[in-house]
Amino acid sequence: MTKEDKKQLRGDLFRHLDGIVTAPIAYAIHKSGIFQFILDKGSTSLSEITQKFKAHEGYLNVALRVLASQGWLEYKVDD
């Protein structure tokens with residue numbers, strides 16, 4: 001297997017794994033109403049979503065970061 005073949009295989013594998021992670025997160029965020037909340041607000045914070053939906057902030061943070069890494073959301077960290 002050439003170096004280019006290995007690179008292509010890794011890319012295909014990671015895109016597949018991204019889908020395995022992203023699909024259930026996207027479904028859960030949609031089903032809970034968080035997507036619509038974000039669309040309606042235009043901009044919001046993690047703490048505001050956490051309070052509104054009584055969500056676990058750590059898990060929600062990871063979920064939103066996954067969606068942002070796939071280009072579904074813009075996510076800015078404000079230290």
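In this structure, the separation between NE2 on His56 and OG1 on Thr50 is 9.5 Å, given to the nearest 0.5 Å. A distance of 7.0 Å separates OG1 in Thr22 from CH2 in Trp72, rounded to the nearest 0.5 Å. From Gln8, atom CD reaches atom OG1 of Thr2 across 10.0 Å, with rounding to the nearest 0.5 Å. Here CD1 of Ile38 is found 10.0 Å from CD of Glu48. Values are rounded to the nearest 0.5 Å. How far OG1 of Thr44 is from CG of Leu39: 11.5 Å, rounded to the nearest 0.5 Å. A distance of 5.0 Å separates CG of Leu67 from CG of Leu73, quoted to the nearest 0.5 Å.
Between the side chains of Asp40 and Gln36, at least one donor N or O sits under 3.5 Å from an acceptor N or O.
For the residue pair Tyr75 and Ala68, the shortest heavy atom distance occurs at CB-CB, 3.5 Å.
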**OP:** Give the intermediate values and the outcome of side-chain contact (heavy atoms from CB on, under 4.5 Å) for residues Lys52 and Ile34.
**Re:** CA-CA 9 Å; Lys52 168 93 173 138; Ile34 293 174; over 6 Å; no
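Considering only heavy atoms from C-beta on, Leu64 comes within 4.5 Å of Ile49 through its side chain. With contacts defined as side-chain heavy-atom distances shorter than 4.5 Å, the pair Arg65/Val77 qualifies. A heavy-atom distance below 4.5 Å is not found between the side chains of Val62 and Ile25.
Ring orientation note: the planes of Phe53 and Phe37 are nearly perpendicular, at an angle over 60° on the 30°/60° scale.
Within 6.0 Å of OH in Tyr59 there are 12 or fewer heavy atoms belonging to other residues, nucleotides or ligands.
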